[in-house]
Amino acid sequence: ETLNTTLGNATALNGSATAADSESVVITDQDQAITITIADTRTSISEEGGETDTFTITLSEAMKPGNVVTVDVDFATGSTTENADFVTTAQAALQAVADATAGVSFNGTTLTYDSTFVGTTLSFSVQAFNDDELDSPETLNITLGNATALNGSATAAGSESVVITD
């Protein structure tokens with residue numbers, strides 16, 4: 001968009017006046033409609049094998065200057081308390097990646113991207129560790145929700161899960 005301003009038809013109460021100047025400014029639209037999704041590479045991983053599942057959170061487009069996008073990341077498990085060890089592991093993995101990535105922060109529940117974030121994807125890996133308990137199968141569910149954008153709109157779409165077996 002361009003805004004043009006022109007001065008004209010100057011008048012003076014005493015004497016004379018002239019107005020002969022114009023200026024224009026280009027207005028750059030910074031609004032974005034960002035969709036945030038999650039995907040993972042495996043449907044199940046084994047504790048015995050120490051296998052890893054990689055989760056990738058993707059923005060539908062790169063951040064524009066001045067924008068900030070947030071999304072809640074919910075880590076949930078099945079119904080048993082033994083499953084909680086994977087929540088801690090997954091949260092720590094996302095925290096480590098966020099801490100190491102410019103323009104990204106994570107406070108344990110909300111992931112925040114600012115316009116210094118380069119790219120559209122953020123990946124973190126969760127490794128199954130053998131805890132010497134017969135608690136198979138366990139399920140880790142990661143769900144995105146409550147997305148916001150400072151400039152424009154954001155929506156969160158998706159949930160991914162991995163089954164952890166002994």
Side-chain angles (χ1 to χ4, degrees), residues 27-166:
I27 300 170
T28 303
D29 188 4
Q30 295 296 330
D31 288 347
Q32 293 184 270
I34 294 179
T35 300
I36 308 163
T37 58
I38 188 168
D40 70 332
T41 57
R42 309 276 305 265
T43 57
S44 68
I45 55 177
S46 166
E47 282 186 9
E48 304 302 326
E51 296 175 333
T52 300
D53 188 14
T54 300
F55 292 85
T56 300
I57 299 173
T58 303
L59 304 178
S60 59
E61 61 183 281
M63 301 284 292
K64 289 185 179 178
N67 206 358
V68 175
V69 172
T70 66
V71 63
D72 288 346
V73 183
D74 180 45
F75 297 88
T77 64
S79 59
T80 64
T81 56
E82 291 88 14
N83 293 337
D85 60 341
F86 293 103
V87 169
T88 303
T89 300
Q91 285 174 319
L94 180 55
Q95 186 70 62
V97 169
D99 290 347
T101 305
V104 179
S105 62
F106 181 61
N107 69 5
T109 57
T110 302
L111 187 62
T112 302
Y113 297 86
D114 69 35
S115 60
T116 62
F117 173 65
V118 176
T120 58
T121 61
L122 187 71
S123 296
F124 62 100
S125 296
V126 178
Q127 184 174 9
F129 293 103
N130 191 358
D131 58 12
D132 294 326
E133 293 183 31
L134 281 175
D135 51 6
S136 184
E138 299 172 287
T139 302
L140 172 64
N141 300 301
I142 302 177
T143 304
L144 304 180
N146 300 321
T148 65
L150 180 63
N151 298 319
S153 63
T155 56
S159 177
E160 287 292 331
S161 63
V162 62
V163 175
I164 298 101
T165 60
D166 274 333

**Q** Tell me the closest heavy-atom pair linking Val69 and Ala154, and the distance in Å.
**A** CG1-CB, 4.2 Å
**Q** Partners of Thr121 by side-chain contact (heavy atoms from CB on, under 4.5 Å), sequence neighbours excluded?
**A** Thr56, Thr58
**Q** Give me the atom names and distance for the closest heavy-atom approach of Pro65 to Ser115.
**A** CA-CB, 3.8 Å
**Q** Within this structure, what is the CD1-CG distance for the pair Ile38 and Leu144, rounded to the nearest 0.5 Å?
**A** 5.0 Å
**Q** Do the non-hydrogen side-chain atoms of Gln32 and Asn151 ever get within less than 4.5 Å of each other?
**A** no
**Q** Please name all residues satisfying side-chain contact (heavy atoms from CB on, under 4.5 Å) with Asp40, sequence neighbours left out, ordered by chain then number.
**A** Asp53, Phe55, Glu160, Val162
**Q** Looking at Asn141 and Ser161, what are the two nearest heavy atoms and their distance?
**A** OD1-CB, 2.9 Å
**Q** If a pair satisfies salt bridge (Lys or Arg N to Asp or Glu O under 4.0 Å) and one of its residues is in residues 115-125, list it, with sequence neighbours excluded.
**A** none
**Q** Is there side-chain contact between Leu140 and Val87, with heavy atoms separated by less than 4.5 Å?
**A** yes
**Q** Minimum heavy-atom separation for Glu51 and Ser44, please, with both atom names.
**A** OE1-O, 4.4 Å
**Q** Any ring-ring contact (aromatic ring centres under 6.0 Å, His included) involving residues 147-166? Give me the pairs, sequence neighbours left out, ordered by first then second residue.
**A** none
**Q** Please identify each residue that fulfils side chain to side chain donor-acceptor pair (under 3.5 Å) with Gln127, with sequence neighbours left out.
**A** none
**Q** For Ala157, check side-chain contact (heavy atoms from CB on, under 4.5 Å) against everything at least two apart and list the hits.
**A** Thr35, Thr37
**Q** In chain order, what residues pass the side chain to side chain donor-acceptor pair (under 3.5 Å) check against Thr143, with sequence neighbours excluded?
**A** Ser159
**Q** If you define the side chain from C-beta out and look only at heavy atoms, does anything of Leu122 sit under 4.5 Å from Tyr113?
**A** yes
**Q** Can you name the side-chain contact (heavy atoms from CB on, under 4.5 Å) partners of Thr148, sequence neighbours left out?
**A** Thr70
**Q** If the condition is side chain to side chain donor-acceptor pair (under 3.5 Å), which residues does Ser46 pass it with, not counting sequence neighbours?
**A** none
**Q** Starting at CD1 of Ile142, measure out to CD1 of Ile57 and round the result to the nearest 0.5 Å.
**A** 7.5 Å
**Q** Rounded to the nearest 0.5 Å, how far apart are CZ of Phe124 and CD of Gln95?
**A** 11.5 Å
**Q** What distance do Asp99 atom CG and Leu94 atom CG have between them, rounded to the nearest 0.5 Å?
**A** 9.0 Å
**Q** Does Met63 reach the side chain of Asp114, with side-chain heavy atoms less than 4.5 Å apart?
**A** no
**Q** Just to verify, what does Thr54 make a side chain to side chain donor-acceptor pair (under 3.5 Å) with, not counting sequence neighbours?
**A** Ser125
**Q** Below 4.5 Å, heavy atoms only, C-beta onward: do Phe117 and Leu59 meet side chain to side chain?
**A** yes
